[in-house]
Amino acid sequence: MAGRLIRTYQDFCRVRGIDFSLNLSVRPFDSTTLFCSAGMQQYKPLFPDAAFKGTFANIQSCLRLGDLDEIGDGTHFLHFDMIGLFSFRQMTLEEAIDFWLDFLAGIGAWPDHVTIHPDRMAEWAPLYRGRLPVVPDPECLWSDGTMRSYCTEFYKQGVEIGNIVNPLGSCIDAGFGLERLDMLINGTPPAAPQAILQDAISTIIASGYRPGNKEQGYVLRKLLRRLAVMGGALDHPFFQEELIRQQRLQERYVRLKPKHPDKPAQWWFDTHGIDITDMERRD
């Protein structure tokens, strides 16, 4: 189902003469994040370049580690695909709103309502031309650490499905969650936490990373460890190696625990690489 949605968006953009790209790797485009966390990351240098004009569309695989403790709630996926539209001093905000409403109507995902920051209600609400309810929301603010802007967000069945940001007042940065739309229009059931972990791990591996003690490799090892603790499985040598590594750590912990009964969790991790929380889950 998601594959059909990708093709639909690709065709939608090409009919309108907008260049489209698909990137299923989560490798970051700069050093600010360990993994690509947003479809706009590759375009960041173009926002402040006043001499550049252009419009692009993409679907970009993203990984957000901040979602790790919320996976399984039906809206957080850890790894997800972002449907994006980016325009630099070319498309107006009204044109971007029309673009997305046309697309959402075509796939059967017409929003229940949209939100706009109170400071922009008078200026932006008329751009929707009364086609759906507009609700003020002071949370409609966006920042990437270097730029700040207002945004307008789209909601369906109580879930935010995407937003349009208006950086610098002259650019468009819009993103809609592919998996969220797939769930809403195709009735795709939410993935279980183990399945989400399996998907994220497989994507990191496919992006060229392997388990290690630093940066992306450490994250991959952490996710493999969590999958193992949850009793999950993955048909890949990295997972089998992690199972063996965890068994050795468990044996070491059992052997050393009587000798160091009062050591804090941080000591166990720093000295022996043992996460006490994981060990206690296995007891």
Side-chain angles (χ1 to χ4, degrees), residues 1-16 18-26 36-41 43 55-64 66-67 70-87 91 93 95-116 128 131-135 137 139-140 142 151-165 172-193 195-196 198-200 202-203:
M1 294 294 186
R4 185 185 306 167
L5 190 53
I6 291 173
R7 292 190 295 273
T8 299
Y9 184 64
Q10 180 178 356
D11 293 341
F12 184 84
C13 293
R14 286 181 173 169
V15 166
R16 288 157 179 76
I18 299 174
D19 289 339
F20 172 86
S21 62
L22 173 66
N23 184 14
L24 300 180
S25 170
V26 293
C36 183
S37 59
M40 60 80 69
Q41 192 179 54
Y43 300 112
T55 300
F56 308 97
N58 71 358
I59 292 181
Q60 170 67 52
S61 281
C62 302
L63 190 78
R64 292 184 180 174
D67 289 352
E70 299 179 86
I71 59 175
D73 65 356
T75 60
H76 295 89
F77 300 94
L78 189 58
H79 161 245
F80 64 97
D81 297 305
M82 183 69 77
I83 306 176
L85 177 71
F86 309 92
S87 187
M91 181 179 283
L93 178 59
E95 290 171 336
I97 289 172
D98 289 344
F99 175 97
W100 284 107
L101 288 182
D102 286 348
F103 177 70
L104 295 173
I107 63 173
W110 188 260
D112 297 327
H113 72 274
V114 297
T115 58
I116 295 174
Y128 284 98
R131 287 170 287 183
L132 70 175
V134 180
V135 179
D137 183 355
E139 298 297 316
C140 285
W142 171 90
C151 67
T152 177
E153 299 176 343
F154 295 65
Y155 285 82
K156 189 170 181 63
Q157 297 180 16
V159 176
E160 182 193 346
I161 56 175
N163 65 22
I164 303 175
V165 185
I172 296 296
D173 168 11
F176 283 70
L178 177 69
E179 287 76 11
R180 290 187 182 183
L181 288 176
D182 182 45
M183 287 175 57
L184 289 169
I185 66 177
N186 296 316
T188 305
I196 291 175
Q198 290 166 339
D199 173 60
S202 297
T203 300

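Atoms considered below: every heavy atom in the structure, side chains included; atoms not considered: hydrogens, waters and symmetry mates.
- The two residues Trp110 and Ala105 come nearest to each other via the heavy atoms CE3-CB, 3.7 Å.
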Open item on the list: Between Ile116 and Tyr128, is the side chain to side chain contact (heavy atoms under 4.5 Å, CB included) condition met? List the steps.
Closed with: CA-CA 11 Å; Ile116 295 174; Tyr128 284 98; 4.0 Å; yes
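- Contact annotation: the side chain of Phe20 never approaches that of Asp11 to less than 4.5 Å [non-hydrogen atoms, C-beta and beyond].
- Interatomic distance, Glu179 CD to Leu5 CG, rounded to the nearest 0.5 Å: 9.5 Å.
- Atoms OG1 and CG, on Thr152 and Leu93 in that order, are 7.5 Å from each other to the nearest 0.5 Å.
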Open item on the list: Applying side chain to side chain contact (heavy atoms under 4.5 Å, CB included) to Leu178 and Tyr9, what does each step give before you reach the verdict?
Closed with: CA-CA 10 Å; Leu178 177 69; Tyr9 184 64; over 6 Å; no
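- You'll find the side chain of Pro190 stays beyond 4.5 Å of the side chain of Ile196, heavy atoms only.
- Checking side-chain atoms of Asn186 against main-chain N and O of Thr188 turns up no donor-acceptor pair under 3.5 Å.
- Nearest approach of Ser61 to His79, heavy atoms of both residues: OG-NE2, 3.5 Å.
- With sequence neighbours left out, Glu160 forms a side chain to side chain contact (heavy atoms under 4.5 Å, CB included) with Glu153, Tyr155, Asn163, Arg180.
- Relative ring orientation between Trp100 and Phe103 is described as perpendicular, the plane-to-plane angle rising above 60° on a 0-90° scale split at 30° and 60°.
- Rounded to the nearest 0.5 angstrom, Lys156 NZ and Leu184 CG are separated by 7.0 Å.
- Of all heavy-atom pairs spanning Cys13 and Phe99, the tightest one is SG-CZ, 4.0 Å.
- Between Glu95 and Ile172, the closest side-chain pair of non-hydrogen atoms is not below 4.5 Å.
- Summarising the geometry, atom NE2 belonging to His113 is positioned 9.0 Å from atom CG belonging to Leu132; distances are rounded to the nearest 0.5 Å.
- Taking Arg16 as the reference, nothing meets the side-chain hydrogen bond (donor to acceptor under 3.5 Å, both in side chains) condition, with sequence neighbours excluded.
- Judged as a ring pair (Phe, Tyr, Trp, His ring centres under 6.0 Å), and not counting sequence neighbours, the contacts of Tyr43 are Phe56, Phe86.
- Interatomic distance, Ser87 OG to Ile164 CD1, rounded to the nearest 0.5 Å: 11.5 Å.
- The two residues Gly39 and Asn58 have their closest heavy-atom pair at O-ND2, 3.4 Å.
- Counting only heavy atoms from C-beta outward, the side chains of Ile161 and Leu104 approach each other to under 4.5 Å.
- By the side chain to side chain contact (heavy atoms under 4.5 Å, CB included) test, Gln41 pairs with Pro28, Phe29, Asp30, Thr32, Thr33, Cys36, Lys44, sequence neighbours left out.
- Taken from CG in Asp81 to CG in Leu22, the straight-line distance is 8.0 Å, to the nearest 0.5 Å.
- Under the side chain to side chain contact (heavy atoms under 4.5 Å, CB included) criterion, Cys62 pairs with Gln60, Phe80, Met82, not counting sequence neighbours.
- Considering only residues two or more places apart in sequence or on other chains, Arg131 meets the salt bridge (charged side-chain N to carboxylate O under 4.0 Å, His left out) condition with Asp98.
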TODO: Given side chain to side chain contact (heavy atoms under 4.5 Å, CB included), test Met183 with Val159 step by step and report yes or no.
DONE: CA-CA 11 Å; Met183 287 175 57; Val159 176; over 6 Å; no
- [ ] Evaluate the side chain to side chain contact (heavy atoms under 4.5 Å, CB included) criterion for residues Phe12 and Ile18: first the C-alpha distance (whole Å), next the side-chain angles of each, then the deciding distance (0.1 Å), finally the verdict.
- [x] CA-CA 9 Å; Phe12 184 84; Ile18 299 174; over 6 Å; no
